[in-house]
Amino acid sequence: VSIRIPPSKQNSETGSSLDSASTNLIKGNLEVKISKRRDLPCFREFKERQSTLTRNLCIRRGSICSGLSSGAVSMGAELARARDNVETVARSLIKFRSVKAQASGGDVEDLAPINPHETSTGTVLPFVGVACLGAILFGYHLGVVNGALDYLSKDLGIAQNAVMQGITLLAAAAVGSFTGGALADKFGRTRTFQLDAIPLIIGAVLTAIAQNVQTMIIGRLLAGIGIGITSAIVPLYISEISPTDIRGALGSVNQLFICIGILAALVAGLPLSRSPLFFYRWRGMFGLAVIPSILLALGMTYSPESPRWLFQQGKISEAEKSIGTLYGKERVPEVMYELRTAGQGSTEPEAGWVDLFSKRYWKVVSVGAALFFFQQFAGINAVVYYSTAVFRSAGIASDVAASALVGASNVFGTVIASSLMDRQGRKSLLITSFSGMGASMLLLSLSFTWKVLAPYSGILAVVGTVLYVLSFSLGAGPVPALLLPEIFASRIRAKAVALSLCMHWISNFVIGLYFLSVVDKFGISVVYLAFAAVCLLAVLFMAGNVVETKGRSLEEIELALNPTT
């Protein structure tokens, strides 16, 4: 297939000629001449034929109207296949031209959704599943102490050091998340997962065999570093390997598996609540974390590296192989074209930490950090912590039942969010989520203070808690980790995600450290009212600063938000 471009249009529209790897498209008409080219395999068997086919393609904002006039002989299935190839490349350029036109004068949310991706022979789900082992470990290490704390107190005398253990885990997680970005940039995503398995495994072993408080704290320190790295690279890897049309659903699976990890820790603690005969079973609870850690390291050995990272490193052939594994070989030219388009003209070196605070990137980086600030200071950990007392006030004495109800609400809401993420969009779910959280916090506050509600305070508190957790899981929980890799440019993506996750752990740390003292001083009702005010501020911030990214490839978003790259 050869494409003849009139000289006047060739200079103004394309500025380049065709090569064997790609087809340049122009706005207007393309005259396609089918000639007997010996270097084109699909036409070798037709070298004796003499025929000419003229095809006019009219391209108007994403639609292709075609008219055919042919010579004496129809080329059959081979010509149809050649025609489809031309149309595929045409759609790619239309999409790029549309985004490029908007990049200098509009937000991503102003662009009409484009979904050029068709069914492919590749598969992403198994590799997303492997990455989500990290999310399970994240949730498991956060929740495992709750069921074992009483038994740890008897065995190791750790009751007086429970706060120190929690602080150690959160502080180490902040360090780990900050480190994870640099590791992911230097060694790649899959290799970082494998390196991350080392502190996760050693930490799990040390906590399982600990004979004193010091060993337990060292084990939790290593586990904290491990889950900090995990918190940064799981959403990063999933976002970079997921197809555009289901990236939202797959990205929210990260939050779902964190919830599953917390529930798994709860289930692992059930034998402890039944009989003192399981006195030493807490060691098994901590030791169980070794299994998914090993599976994560082994699974990443067979998982493809992020094609975007490989392309950034100049490993073109490896990037093409990775794309073929993830999406199918027929998608390789299209995805490589998008990667080249996003990176064309850019000879910039890999971004350093200081670049994140430059004028060029500071706005988008501050949005990422703010998302996690609002997520934590909206009170999710405080609500979960105080839920046991809330449920007891309603006559639900079982701590396990209370935790199970909160956990089930979180899982249910996250499943709903997964189904809505690519239909409703990230921004609308965030606004809806924080609005619901604010209303629930207001209900919780009033249930503790209004005398008229005193007879119903217990049930209202339970309803408010469940509604809050449901609202959180619809947007504030899963969206930030999904949105960050989407809005950050490729050269700052890993480090910017790590910095934002560091804000998550620092905020979590501050809330855990000061929540009880603030409650003692001002009362739980006033604290809940303050959380409601934070939710209102979050809604206003999201409405004015967060852009919609559904239906956009990472390269499209990067071009729109960073037109100079």
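Please read all numbers here as calculations on a predicted model, not as lab measurements.
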Report task. Please report the closest heavy-atom contact between L250 and S242, naming both atoms and the distance. Result ->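 Smallest heavy-atom distance, with atoms named: CD1-OG, 3.4 Å.
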Query raised in the report: Just checking, is any N or O donor in the side chain of T301 or Q194 under 3.5 Å from an acceptor N or O on the other one?
Result: yes
Report task. Verify the distance criterion only: is there a donor paired with an acceptor across the side chains of T414 and Q255 at less than 3.5 Å? Result -> no
Report task. Kindly check if the number of other-residue, nucleotide or ligand heavy atoms within 6.0 Å of CZ (F412) is above 12? Result -> no
Under 3.5 Å, is there a donor-acceptor pair between the side chain of [X] and the main chain of [Y]?
| X | Y | value |
| --- | --- | --- |
| T190 | S303 | no |
| S433 | S471 | yes |
| K550 | M421 | no |
| S239 | L236 | no |

Determine whether [X] and [Y] make a side-chain contact, defined as any pair of heavy atoms from C-beta on separated by less than 4.5 Å.
| X | Y | value |
| --- | --- | --- |
| I511 | I380 | no |
| C132 | I136 | no |
| F286 | H141 | no |
| L482 | T549 | no |
| Q375 | F472 | yes |
| N254 | P478 | no |
| F138 | I262 | no |
| K495 | L356 | yes |

Query raised in the report: Out of K315, R189, E320, which one pairs with L310 under the side chain to side chain contact (heavy atoms under 4.5 Å, CB included) rule?
Result: K315
Query raised in the report: Salt bridge between K321 and E318, side-chain N to carboxylate O under 4.0 Å?
Result: no
Query - Euclidean distance, F377 CZ relative to F372 CZ, rounded to 0.5 Å - result: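 Reported to 0.5 Å precision, the distance equals 14.0 Å.
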Report summary line: Rounded to the nearest 0.5 angstrom, the OG1-CD distance for T244 and E338 is 6.5 Å
Query raised in the report: Is the centre of the Y361 ring less than 6.0 Å from the centre of the W353 ring?
Result: no
Query raised in the report: Hey, which of E240, E486, Q312 is the one that makes side-chain hydrogen bond (donor to acceptor under 3.5 Å, both in side chains) with R493?
Result: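 Checked E240, E486, Q312 against R493; only one passes side-chain hydrogen bond (donor to acceptor under 3.5 Å, both in side chains): E240.
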**Report entry** Check against salt bridge (charged side-chain N to carboxylate O under 4.0 Å, His left out), D422 and R426
**Finding:** CA-CA 8 Å; D422 291 305; R426 287 62 152 158; 3.2 Å; yes
